[in-house]
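In this text the structure is predicted, and so the values were computed from the model without any measurement. In the text below, chain A, chain B and the rest are named by the order of the sequence lines, each starting its count at 1.
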Amino acid sequence: MQSSPSEPPIGQRLQQSFYDRPTATVARELIGMLLLHRLHAVTNAAVTNAAAIDPDNSPWLGGRIVETEAYLAERDLASHSSRGLTPSNRSMFQAAGTFYVYPIHAKHCLNAVTEANGVGAAVLIRAIEPLWGLSWMQTRRGQQDPLKLTRGPAMLAQALAITRDDDGRCLVTDPDLGIFSNQQTKPPTVKRTVRIGVSKSKSRLLRFVDQHSKYLSRPFSKRR
DNA sequence: GCTTTGATGCGCT
DNA sequence: GCGCATCAAAGCT
C-alpha cells in the first residue's frame, strides 16, 4: 500500500541540475516541492520499533516543503562554510544534491547542498506540511497534532527519522530519499524574510516561506 | 583539557 | 515572550 507514495501526485525527482544553481534561487524554488524518506525495517536504525514494520510495506514519510533558508558560500557569516572545510561540515562542500545533516542543540537539521562541488553552500529545510506516514511521524514525535509535527528543522528531522547517520546521502540517486516536484498544487505565494535564530549576517533576507501555510516554524510577518 | 557558542524547542508565565 | 536543558564543534590555553 504505502510502498510507493500516492498523494499528492509526485512529479519528477529533482536532478543535480536543480541544485547546482545559486543557493537563494534553489531555496525559493524548493517551496512547494515534496521531501520524502522511506524507512527500512532492517537498515534504518532510527526506527525505534523496527520489528513492527512489515518489510514489504515500508512507509514513506514526508510532505510538502513550506519553509527554507539559504546559507551561502561567500560573505555569509551564519553559514557553516564560512570558517572553511572541517571534518564535521565536509558534506556541505560535496556535490550539489548531497544531503547535509548536522547536529545543533542536541538535535538535527536537514540541508540540501547547492552550487558547484567544493563551494560550500546549502539550503536548510525548516518545515514541511506532513502528508505521508502521518501516524509514523506522530509516534516518532510523541505528538498527535499535525500542526506540531514538522514545524521547525529539529522537529522535521525527528519526524522523518533522520539522524547524523544520514549525512552525506545523495538526494538525486538514493532510492529511499529525495525531493520531487509537485504536479498538483498551484504555485505557492513565496515570501522572503530574515533567517531564524542566526546572530551573524542577520539582516539578509534569505528565509523563504509559503506565505499562507499553517505549518511554518513562525508565521510570515511583514516585519523584517 | 576547558570554555563558549549555537541554523532549537519546550514548558512556563 | 522568556528561561533553560542539552551536546557537538570550535577555538583557546
Task: Test item: side-chain donor near acceptor, A:E67 and A:S213, under 3.5 Å - done: no
TODO: For A:F99 and B:dA7, give me the distance from atom CZ to atom C1', rounded to whole Å.
DONE: 15 Å
Task: Rounded distance (Å) that lies between atom P of B:dT8 and atom NZ of A:K107 - done: 10 Å
- [ ] Please tell me which of A:M155 and A:M92 maps to the more 5' nucleotide of DNA chain B, matching each residue to the nucleotide holding its nearest heavy atom.
- [x] A:M92
Atom pairs under 3.5 Å: protein N/O with N/O of nucleotides 11-13 of chain C:
from	atom 1	to	atom 2	distance (Å)
C:dG11	OP1	A:R83	NE	3.4

TODO: Go ahead and name the base partner of C:dT6; Watson-Crick or wobble counts if both distances stay under 3.5 Å, otherwise write none.
DONE: none
Open item on the list: Considering every strand and a 4.0 Å limit on heavy-atom distances, what is the contact class for A:R207: base, sugar-phosphate, or nothing?
Closed with: nothing
TODO: Please report, rounded to the nearest Å, how far the P atom of C:dA9 is from the NE2 atom of A:H108.
DONE: 9 Å
Open item on the list: Tell me whether A:R28 contacts the main-chain N or O of A:T25 through its side chain, where contact means a donor paired with an acceptor under 3.5 Å.
Closed with: no
TODO: Rounded off to whole Å, could you give me the CG-to-P distance for the A:N89 and B:dA7 pair?
DONE: 13 Å
Task: Rounded distance (Å) that lies between atom P of B:dT8 and atom CZ of A:R195 - done: 11 Å
Can you name the atoms? Protein N/O to nucleotides 11-13 of chain B N/O, anything below 3.5 Å, with the distance.
none

- [ ] Examine B:dG6: is either OP1 or OP2 under 4.0 Å from a nitrogen or oxygen in the side chain of A:S199? Give yes or no.
- [x] yes
- [ ] Measure from the side-chain heavy atoms of A:A106 and tell me the nearest of B:dA7, B:dT8, C:dT6.
- [x] C:dT6
Open item on the list: Counting distance alone, no hydrogens or angles: does the base of B:dA7 have a donor or acceptor under 3.5 Å from a partner atom on the side chain of A:Y102?
Closed with: yes
Open item on the list: Looking only at side-chain N and O atoms, does A:R141 offer a donor or acceptor that is under 3.5 Å from a partner on A:Q158?
Closed with: yes
- [ ] Would you indicate, yes or no, if C:dA9 has its OP1 or OP2 atom less than 4.0 angstrom from a side-chain nitrogen or oxygen of A:R164?
- [x] yes
- [ ] With a 3.5 angstrom cut-off on both distances, give the Watson-Crick or G-U wobble partner of B:dA7, or none if there isn't one.
- [x] none
TODO: Apply the test salt bridge (charged side-chain N to carboxylate O under 4.0 Å, His left out) to residues A:K200 and A:D76: give CA-CA distance (whole Å), side-chain angles for both, the deciding distance (0.1 Å), then the verdict.
DONE: CA-CA 8 Å; A:K200 301 168 186 165; A:D76 182 2; over 6 Å; no
TODO: By nearest nucleotide on DNA chain C, pick out whichever of A:S88 and A:H105 is the more 5' one.
DONE: A:H105
Open item on the list: What's A:A154 touching, base or sugar-phosphate or nothing? Going by heavy atoms closer than 4.0 Å.
Closed with: sugar-phosphate
Open item on the list: We want to know whether A:T23 and A:E115 form a side-chain donor-acceptor pair, criterion being a heavy-atom distance below 3.5 angstrom.
Closed with: yes
TODO: Considering just the side-chain nitrogens and oxygens of A:R218, establish if one lies under 4.0 Å of OP1 or OP2 belonging to B:dG9.
DONE: no
- [ ] For A:R151 and B:dA7, give me the distance from atom CZ to atom P, rounded to whole Å.
- [x] 20 Å
Open item on the list: Against the six-membered ring of A:Y71, is A:R195 placed for a cation-pi contact (under 6.0 Å from the centre, within 45° of the normal)?
Closed with: yes
Task: CZ (A:R21) with more than 12 external heavy atoms under 6.0 Å - done: yes
Donor-acceptor contacts, no H, no angles, side chain residues 144-151 of chain A, under 3.5 Å, sequence neighbours left out:
from	atom 1	to	atom 2	distance (Å)
A:D145	OD1	A:L147	N	2.9
A:T150	OG1	A:I128	O	2.8

TODO: Examine distances only and state if a side-chain atom of A:T68 and a backbone atom of A:A27 form a donor-acceptor pair shorter than 3.5 Å.
DONE: yes
Open item on the list: Using whole Å, what does the distance between atom C1' of nucleotide B:dG6 and atom CZ of A:R126 come to?
Closed with: 13 Å
Open item on the list: Go nucleotide by nucleotide along DNA chain B from the 5' end; which of A:Y71 and A:K148 gets its closest nucleotide reached first?
Closed with: A:Y71
Open item on the list: Without decimals, in angstroms, what is the distance between A:L156 CG and B:dA7 P?
Closed with: 17 Å
- [ ] Verify the distance criterion only: is there a donor paired with an acceptor across the side chains of A:N89 and A:T86 at less than 3.5 Å?
- [x] yes
